[in-house]
Asks: 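Below you will find the structure I want to go over with you.
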Amino acid sequence: MTKHLIAPSLLSADFRNLARDMEMINNSEADWFHVDVMDGNFVPNISFGMFIVEFMKSVAKKPLDCHLMMVQPERYIAEFRKAGADVITVHYEACPHLHRTVQQIKQTGARAGVALNPHTPVEVLQDIIIDLDIVLIMSVNPGFGGQSFIEQTYNKVKRVKSMILATGSTALIEVDGGVGLGNTKRLVECGADVLVAGNAVFKAENPAQTIHQLKNLTDKTYLV
Ligand code: DX5
Ligand code: ZN
């Protein structure tokens, strides 16, 4: 079994010291940088756009996992790819022509992901999961870091895992929102492959040590 991946979310980094925080991730056991783009329309918050992603790319020594929380993401896919996105994830709820949008992402050479809001059943992906590189299960309502994990997520992860096994899809299952030392082990047991962690990493006393713990789970991890 391959080990799960850890993707610290830069939304929770100290933006006055973004390069410093990114160097810490470069030198840690983390696998990807999770990059949250919010448009103030699909979600109530606004974060940053491709200009900042381009800057992040110049510092990053690990892949940029771009989570586009925006309406009509198809308008900007080429630009985010040009800015340096390695993974581009769009929301199911924002894409009426999801199949076309996924193909568009793949044509840029990026890996293609689809995110589902907490209320969206995973079964809506039945006819596209074979084309996906990533299924991102939102375990909070998108828009802000530091929210509480929604427990129903475990069940959704298990159901996506069954779909993946049944269809022969090679998609990775990513979980985003409220992830930390208290739920990572159970998520991995349910089938999660990529864990996004914002506050759990950047608000920790020792972020690199927390990344190490998230990456190397022990039975004790449950008790934290
Ligand atoms: C939420 C974002 C998340 C967020 C996670 O809308 O998509 O990636 O940064 O932050 P935590 O881990 O603090 O919930
Ligand atoms: Zn995210």
Side-chain angles (χ1 to χ4, degrees), residues 4-15 18 21-22 25 28 30-50 52-53 56 60 62-71 73 76 80 85-94 105 110-120 133-154 156-157 172-188 192-205 207 210-211 213-215 221 224:
H4 60 280
L5 307 181
I6 301 297
S9 170
L10 288 173
L11 192 66
S12 300
D14 176 358
F15 271 67
L18 184 58
D21 279 7
M22 288 186 68
I25 305 292
S28 76
D31 299 278
W32 295 351
F33 288 93
H34 187 77
V35 175
D36 287 307
V37 176
M38 302 178 180
D39 69 348
N41 192 355
F42 179 68
V43 287
N45 200 4
I46 298 178
S47 58
F48 47 78
M50 38 270 179
I52 300 290
V53 174
M56 289 169 170
K62 296 176 179 182
L64 293 188
D65 173 32
C66 284
H67 176 193
L68 302 185
M69 284 162 274
M70 60 196 298
V71 296
Y76 295 104
F80 278 106
D86 296 282
V87 176
I88 298 179
T89 295
V90 295
H91 266 263
Y92 167 83
E93 299 83 3
I105 296 171
R111 294 168 86 181
V114 172
L116 299 179
N117 276 341
H119 74 280
T120 305
D133 298 307
I134 315 272
V135 174
L136 189 157
I137 306 292
M138 286 305 306
S139 37
V140 298
N141 285 292
F144 304 93
Q147 303 182 80
S148 310
F149 180 83
I150 297 171
E151 295 283 316
Q152 170 65 4
T153 307
Y154 297 118
K156 290 180 81 172
V157 172
L172 298 178
I173 303 174
E174 182 168 9
V175 180
D176 184 8
V179 173
L181 290 169
N183 50 24
T184 297
K185 191 158 192 287
R186 186 161 165 206
L187 285 169
V188 170
D193 302 293
V194 186
L195 283 313
V196 176
N199 270 24
V201 167
F202 287 102
K203 305 291 182 245
E205 217 165 283
T210 301
I211 291 168
Q213 288 172 309
L214 289 168
K215 187 79 188 171
T221 316
V224 178

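Along the sequence shown, residues carry numbers from 1. Atoms within each ligand, like the ligands themselves, are counted from 1 in listed order.
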Asks: Name the closest protein heavy atom to atom 12 (O) of ligand 1, giving the residue it belongs to and the distance to 0.1 Å.
Replies: G198 N, 2.8 Å
Asks: In the protein, what heavy atom is nearest to atom 4 (C) of ligand 1, and what distance, to one decimal place, separates them?
Replies: D36 OD2, 3.7 Å
Asks: I'd like to check which ligand 1 atoms, numbered from 1 as shown, lie under 4.0 Å from a non-hydrogen atom of M38.
Replies: 6 (O)
Asks: In terms of residue, atom name and distance, what is the protein heavy atom nearest to atom 11 (P) of ligand 1?
Replies: G146 N, 3.6 Å
Asks: Taking 4.0 angstrom as the limit and counting only heavy atoms of G177, give me the atoms of ligand 1 inside it, by number and element.
Replies: 14 (O)
Asks: Looking only at non-hydrogen atoms, find the nearest pair between P8 and W32 and report the distance.
Replies: CD-O, 3.1 Å
Asks: Give a yes or no on whether the backbone of G180 and the side-chain of N183 come within a donor-acceptor separation of less than 3.5 Å.
Replies: yes
Asks: Which pair of heavy atoms, one from A200 and one from A197, lies closest together, and at what distance?
Replies: CB-CB, 4.2 Å
Asks: Report yes or no: does D39 contribute a side-chain atom to a donor-acceptor pair with the main-chain N or O of V71 at less than 3.5 Å?
Replies: yes
Asks: Which ligand 1 atoms, with their elements, are less than 4.0 angstrom from a heavy-atom of A197?
Replies: 12 (O)
Asks: Could you check whether atom OH of Y92 has more than 12 heavy atoms from other residues, nucleotides or ligands sitting under 6.0 Å from it?
Replies: no
Asks: Could you give me the CA-CA distance, side-chain angles and deciding distance for D36 and H34, then say whether side-chain hydrogen bond (donor to acceptor under 3.5 Å, both in side chains) is met?
Replies: CA-CA 7 Å; D36 287 307; H34 187 77; 2.9 Å; yes
Asks: Please list the nearest protein heavy atom to atom 14 (O) of ligand 1 with its residue and the distance rounded to 0.1 Å.
Replies: G178 N, 2.8 Å
Asks: Considering heavy atoms of the protein only, find what lies nearest to atom 3 (C) of ligand 1 and give residue, atom and distance to 0.1 Å.
Replies: D176 OD1, 2.9 Å
Asks: Which protein heavy atom lies closest to atom 10 (O) of ligand 1, and at what distance to 0.1 Å?
Replies: G145 CA, 3.6 Å
Asks: Check D176 and report its N/O/S atom nearest to the Zn ion (ligand 2), by atom name.
Replies: OD2
Asks: Do D133 side-chain atoms and A112 backbone N/O form a donor-acceptor pair below 3.5 Å?
Replies: yes
Asks: For ligand 1, which atoms, with element, lie under 4.0 Å from some heavy atom of M69?
Replies: 6 (O), 7 (O)
Asks: Using a 3.5 Å cut-off on N or O atoms only, is G143 in polar contact with ligand 1?
Replies: yes
Asks: For the backbone of I6 and the side chain of D31, can you confirm whether one donor and one acceptor N or O come within less than 3.5 Å of each other?
Replies: yes
Asks: Out of the N/O/S atoms in H67, what is the name of the one closest to the Zn ion (ligand 2)?
Replies: ND1
Asks: Based purely on interatomic distance, does N141 place a nitrogen or oxygen under 3.5 Å from a nitrogen or oxygen of ligand 1?
Replies: no
Asks: In terms of atom number and element, which parts of ligand 1 are under 4.0 angstrom from non-hydrogen atoms of H67?
Replies: 7 (O)
Asks: Could you list the atoms of ligand 1 found under 4.0 angstrom from a heavy atom of P142?
Replies: 6 (O)
Asks: Among the N/O/S atoms of H34, which is closest to the Zn ion (ligand 2)? Give the atom name.
Replies: NE2
Asks: S47 side chain to M38 main-chain N or O, any donor-acceptor pair under 3.5 Å?
Replies: yes
Asks: Using a 4.0 Å cut-off to any heavy atom of N199, which atoms of ligand 1 qualify?
Replies: 11 (P), 12 (O), 13 (O)
Asks: Taking all heavy atoms of I150 and all of V140, pick out the closest pair and write down the distance.
Replies: CD1-CA, 3.9 Å
Asks: Of all the N, O or S atoms in D36, which one sits nearest to the Zn ion (ligand 2)?
Replies: OD1
Asks: Would you find a donor on one side and an acceptor on the other, under 3.5 Å apart, between the side chain of N117 and the backbone of H119?
Replies: no
Asks: Should you measure from each heavy atom of F144, which atoms of ligand 1 turn up under 4.0 Å away?
Replies: 1 (C), 6 (O)
Asks: Checking T89 side chain against V114 main chain: does a donor-acceptor pair fall under 3.5 Å?
Replies: no
